[in-house]
Every structure is written in C-alpha cells, then in structure tokens.
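What's counted below: heavy atoms across the whole structure, side chains too, no hydrogens, waters or symmetry copies. Counting starts at 1 for both ligands and their atoms, in listed order.
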Amino acid sequence: GIKIVTIGGGSSYTPELIEGFIKRYDELPVRELWLVDIEKGKEKLNIVGNLAKRMVEKAGLPIDIHLTLDRREALKDADFVTTQFRVGLLEARAKDERIPLKYDVIGQETNGPGGLFKGLRTIPVVLDICRDMEELCPDAWLVNFTNPAGMVTEAVLRYSNIKRVVGLCNVPIGMRMGIAKALGVEPERVQVDFAGLNHMVFGLDVYVDGKSVLDEVIAALGNPENEMTMKNIAGFAWDADFIKGMGVIPCGYHRYYYKTDEMLQEEKEASIEKGTRAEVVQKLEAELFELYKNPDLAIKPPQLEKRGGAYYSDAACSLINSIYNDKRDIQPVNTRNNGAIASIPDDSAIEINCVITKEGPKPIGIGDLPVPVRGLVQQIKSFERVAAEAAVTGNYHTALVAMTINPLVPSDTIAKKILDEMLEAHKEDLPQF
Ligand code: NAD
Ligand code: G6P
Ligand code: MN
C-alpha cells in the first residue's frame, strides 16, 4: 500500500485531498495518510483530521489516518510527501498584503513584495523537509503546493538534493474550467497548451475536441460577462483589443502586471471596506472549521469552493495517480525546464504541460514563448532566482536586489523601505536574516 505524508495537514483544504484519494482508491490504494502540523496548528489538525477519518470510514476504505506533530516520524518510508503549509499563518499573509499598500505597491501573497517574503519564510522550512526526506524516504516524491510554488520548486531544484519534486497549482485547472464555461462546453473537452511560470502561465493555444478555438477564447476574455478569474483575484475584464493583440491567454494573476493601477486601487479600497484577502480568508476559514466540527459531516463541504485554491488537491491526487500508475497523460506542473522553454535557464522551474510518467513529469517543449510575453517571464524568473538565493543565504543585499527587480516595485528606495519594514514585521519567521 501507498504511504502519503501531508505537511500542513491542518489546512482547510485537506478534505479535498481525502475526497481525491477516496475517489481514486481502486487505482491508487492509499493505506496510510499522515497529516503533519505544528503546535500552533494542533487544533485545526484535530478538527480536520477527525473529519478526514469520518470521510474514509463513510467510504468504507482501509485508509489509516494519522495525526502528528512529529514530522520525522511521519516521513519514515513515505512514498509521496505533499506540502501545504503556511509559515507564520494567515497573520503573516495579512502583513504581506498590507505593508506594500502603504507604499502604493500591490500587496499579494505570491506576487510583488508579499511573494518575496512568503518565499523568504517558506524556503528554509522546505529545504529542511528535503534534508529529512533524503534521510528518511529518499525515493519519495515531493509534491509541493506551498506558495510561492514556483519559487519554492526553484529552490528545491537548485539548493537541495531532492530531484523528485513537482510543484502544483490550481490556476491551470481554473483556466480550463473558466474557458469551458465561457464556451459552454464540458471541461473534459477542453485542452490548453500551458507554458510559463507559476502564477505567470499562459495558454498558447486551446482546443475543443482537438480543434483550435483560440480566437473564440480570446474574444470571450474581452467580454466582461465572463468572469475568468480565481476567487482570490478581482475579476476585471481584459481589454479586448489588448488580448487580441497579444494572441495568448493570460492567467488571472497577469492582471497584477497588465492592470497594476486598477488592481492597486481595488486592493486599497477592499483593504478598508472588507479587509485584505488574508483577513477575508480568516473569516471564511472560521466558518469552514465550524462546519468541519459537526460530527455528522463526512463529506467535503461545498463552501470550500469559496477559497481561491478550490480543486487544487484534485491536481495533487491526479498527479500522484499518474506517477504511481505511469499513466503518461498530460498535466500542467512545475518542473525542471531542461530546455523546454529556450529563454529560461535549463535548471530553473517552469510551469508547463508535461507527460506524467513513473519517472516524473517530462515537459513538452514549446521552442520559446512569444516575444511580447518573453521578457516579463524572464524578469519574474530572475526575481525568483535572486529571491531563492536570498532565502538560503539570508543576505540583505540579495534580498534588496530581489525586491527592486520585481516589476511591481517602482524604485530602489521604495524597495528598501518596504524591505526594511517587512524584515522587521516578519523577523520571528526569518531566522536566516
Ligand atoms: P493554512 O494557513 O491553513 O496553513 C496550513 C497549515 O500549515 C496550518 O494548519 C499551519 O499550522 C501549518 N503550518 C505552518 N507552519 C508549518 C510547518 N513549519 N510545518 C508544518 N505545518 C505548518 O494555509 P492554507 O490556506 O491551507 O494554505 C496552505 C498553503 O498552500 C499556503 O502556502 C498556500 O499559499 C498554499 N496554497 C497553494 C495553492 C496552489 O495553487 N499551489 C492553492 C492554495 C493554497
Ligand atoms: C489560488 C492559487 C493559490 C493561492 C490561492 C489563494 O488562486 O492558485 O496559489 O494561494 O488561490 O486562495 P485564498 O482563498 O487563500 O485567497
Ligand atoms: Mn497557485
């Protein structure tokens, strides 16, 4: 039987993961699932862990669910390790979102200064997990969701000895579902050629039943009636002429780069009226955990779909299933470039359609990205590389360079002010600085 370890098991998304394993049990016989958390997350771990136990019991499956704060005990002989943790919890995210706003800069958990700081807090913990894995489960696959997922995958590839790592995100699934809805077809009939980076991924072409429908999708993106976004991103319609000129399909997060001003104004208003996304999520999460406590509940409640990461665990279960069964189907994941995108370094992480084999994802090469988007993707990749280096070394100057070269930060002096304030605000979670 298969042993899965989920780090950050107290996440409200865990029931989705359980649902995914239950659905696939015939092909993917999971015997042990270890949910790992830390002291601060103990209460959440217990609530969600008990719901998980009720779910497998209701399904009548012999999956043993273990709840633990001892990561090393859990990792012993694991086959797959999934990570979904949040260093500093939602309070840290709220700081990532609020501090940049004071300087008229986007405050977001994976983009701009917030993305940099989430990376600085997260990467040392991920590299620690990698060292434990080398020792305790050297053949296991690391399936990372922990944001910033692209930067984290980059750090694992370049600063650890773990080669079996895959980064995952729900944005590609979300784009596929959004496109299907706009075209009025079943999502299963839609295929998208994805390439780029995490939260910086483009659809280069789209097909329904194998026939390209790129022009229709581009027209649909310019129609304000189609809310092509994620739950956590304001869904401003794209300018129809701009998208037509670009000729590729942007993801929801591209709004931060191509509509920076509108997004900033929206964030500022929202932060006053309803709070930043972290503050909204704190309330959503409290509601979810109230539901999870109900001893009669033994399914994933539909309210989970209000979270931006809805369906992301489904991506994990599909990926694990395809690795385990050598399915060789196509899934968009974060993996080592190896020349698949010519203008990105070979040893860097990219998000791209891959053939999923028992030896892992094999990226489907695209040659190169179209010129209009190539430069932004390279700039974000440089940012991620410098940021990962700063996270590993704790070097102030490297962190300042990362902050300044991020396209959402307008100058070196503003970068320095934001950096200094955020280093101070997060110092408990940044032992390397
Ligand atoms: P959350 O705030 O519920 O955190 C999950 C758990 O992590 C908490 O119970 C917390 O106690 C625990 N934790 C914190 N530090 C830990 C550590 N060092 N070791 C083990 N556990 C630890 O977070 P969430 O909203 O469920 O999101 C979890 C993570 O997944 C975040 O990093 C988030 O950005 C990411 N996420 C990614 C995607 C994606 O598309 N890749 C989608 C949704 C969420
Ligand atoms: C999805 C992303 C995740 C992100 C999440 C935020 O858009 O792919 O990477 O972390 O939503 O959702 P939340 O509900 O926490 O704001
Ligand atoms: Mn994501």
Side-chain angles (χ1 to χ4, degrees), residues 5-17 34-49 67-72 74-75 81-94 96-97 108-111 114-115 118-119 121-126 128-129 132 143-153 166-175 178 197-201 229-234 251-253 255 275-286 288-289 303-316 332-334 351 429:
V5 177
T6 297
I7 299 178
S11 163
S12 61
Y13 291 107
T14 294
E16 200 172 274
L17 202 60
W34 289 69
L35 301 176
V36 182
D37 214 289
I38 52 170
E39 191 58 42
K40 273 190 188 160
K42 204 167 157 181
E43 201 192 327
K44 280 169 64 183
L45 178 68
N46 277 323
I47 296 168
V48 81
L67 313 182
T68 182
L69 305 186
D70 185 344
R71 182 172 85 203
R72 289 179 56 87
L75 286 175
V81 179
T82 75
T83 56
Q84 49 177 42
F85 60 89
R86 186 187 295 287
V87 178
L89 310 177
L90 284 167
E91 290 128 63
R93 174 174 175 185
D96 285 345
E97 293 168 344
Q108 214 280 324
E109 82 164 323
T110 61
N111 291 268
K118 191 160 175 21
R121 297 193 298 277
T122 305
I123 287 168
V125 179
V126 169
D128 235 24
I129 293 170
D132 282 351
V143 178
N144 176 70
F145 288 120
T146 305
N147 273 319
M151 196 196 293
V152 167
T153 308
V166 188
L168 276 187
C169 177
N170 66 336
V171 161
I173 308 180
M175 287 170 73
L197 307 179
N198 182 235
H199 293 187
M200 176 62 41
V201 74
T229 191
M230 318 288 296
K231 285 282 189 297
N232 57 314
I233 308 171
C251 76
Y253 286 89
R255 288 186 180 82
T276 68
R277 180 68 187 166
E279 291 153 1
V280 171
V281 165
Q282 275 169 332
K283 293 193 194 98
L284 273 177
E285 195 177 80
L288 280 171
F289 276 86
Q303 287 89 336
L304 188 51
E305 285 170 27
K306 288 192 205 160
R307 292 295 304 276
Y311 307 111
Y312 89 130
S313 319
D314 221 44
V333 300
N334 289 266
E351 187 165 290
D429 294 315

Trainee: Between Gln84 and Thr14, is any side-chain donor less than 3.5 angstrom from a side-chain acceptor?
Mentor: yes
Trainee: If we only count N/O pairs under 3.5 Å, is Arg277 in contact with ligand 2?
Mentor: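 Right, the criterion is met.
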Trainee: Quick one: closest heavy-atom pair of Lys231 and Lys306, and the distance?
Mentor: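 Result for this residue pair: CB-O, 3.6 Å.
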Trainee: Give me the nearest non-hydrogen protein atom to atom 9 (O) of ligand 2 as residue plus atom name, then the distance to 0.1 Å.
Mentor: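 Going by distance alone, atom 9 (O) of ligand 2 is nearest to Asn147 ND2, 2.7 Å.
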Trainee: I'd like to check the side chain to side chain donor-acceptor pair (under 3.5 Å) partners of Tyr253; sequence neighbours left out, ordered by chain and number.
Mentor: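 Tyr253 satisfies side chain to side chain donor-acceptor pair (under 3.5 Å) with Asn232 only.
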Trainee: Among all protein heavy atoms, pick out the one at the shortest distance from atom 8 (O) of ligand 2; state its residue, atom name and that distance to 0.1 Å.
Mentor: Asn170 OD1, 2.4 Å
Trainee: How close do Gly9 and Val48 get, heavy atom to heavy atom, and via which atoms?
Mentor: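 Heavy-atom minimum between the residues: O-CG1, 3.3 Å.
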Trainee: Please could you name the atoms of ligand 2 that Arg93 approaches to less than 4.0 Å, counting only its heavy atoms?
Mentor: 13 (P), 15 (O), 16 (O)
Trainee: Would you call Asp132 and Arg71 a salt bridge, using N to O less than 4.0 angstrom?
Mentor: yes
Trainee: For ligand 2, indicate whether the residue Arg307 contacts it via side chain, backbone, both or neither (heavy-atom separation under 4.0 Å).
Mentor: both
Trainee: Out of Lys306, Gln108, Glu109, whose heavy atom sits nearest atom 10 (O) of ligand 2?
Mentor: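 Nearest heavy atom to atom 10 (O) of ligand 2 lies in Glu109.
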Trainee: Give the total of protein N/O/S atoms at a distance below 2.8 Å from the Mn ion (ligand 3).
Mentor: 2
Trainee: I'd like the contact residues of ligand 1, where contact means a heavy atom below 4.0 Å.
Mentor: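 Under the 4.0 Å cut-off, ligand 1 touches Ile7, Gly8, Gly10, Ser11, Tyr13, Asp37, Ile38, Gly41, Lys44, Gln84, Phe85, Arg86, Leu89, Glu109, Lys118, Val125, Phe145, Thr146, Asn147, Leu168, Cys169, Asn170, Glu285, Arg307, Gly309, Tyr312.
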Trainee: Would a distance-only check, ignoring hydrogens and angles, find a side-chain to backbone donor-acceptor pair under 3.5 Å from Thr110 to Pro148?
Mentor: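 Pair absent, no side-chain N/O of Thr110 close to backbone of Pro148.
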Trainee: Using the test ring-ring contact (aromatic ring centres under 6.0 Å, His included), find all partners of Phe85 that sit at least two apart in sequence or belong to another chain.
Mentor: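 Partners of Phe85 under the ring-ring contact (aromatic ring centres under 6.0 Å, His included) test: none.
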Trainee: Report yes or no: does Asp37 contribute a side-chain atom to a donor-acceptor pair with the main-chain N or O of Gly10 at less than 3.5 Å?
Mentor: yes
Trainee: Within the 4.0 Å heavy-atom shell around Cys169, which atoms of ligand 2 are there?
Mentor: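 Per the distance check, 8 (O).
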Trainee: Specify side chain, backbone, both or neither for Lys231, according to which of its non-hydrogen atoms lie closer than 4.0 Å to ligand 2.
Mentor: neither
Trainee: Are there more than 12 heavy atoms of other residues, nucleotides or ligands under 6.0 Å from atom CD of Glu43?
Mentor: no
Trainee: Can you check whether Arg307 reaches Glu16 side chain to side chain, under 4.5 Å on heavy atoms?
Mentor: no
Trainee: Among all protein heavy atoms, pick the one closest to atom 11 (O) of ligand 2 and tell me residue, atom and distance.
Mentor: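 It is Gly308 C, 3.0 Å.
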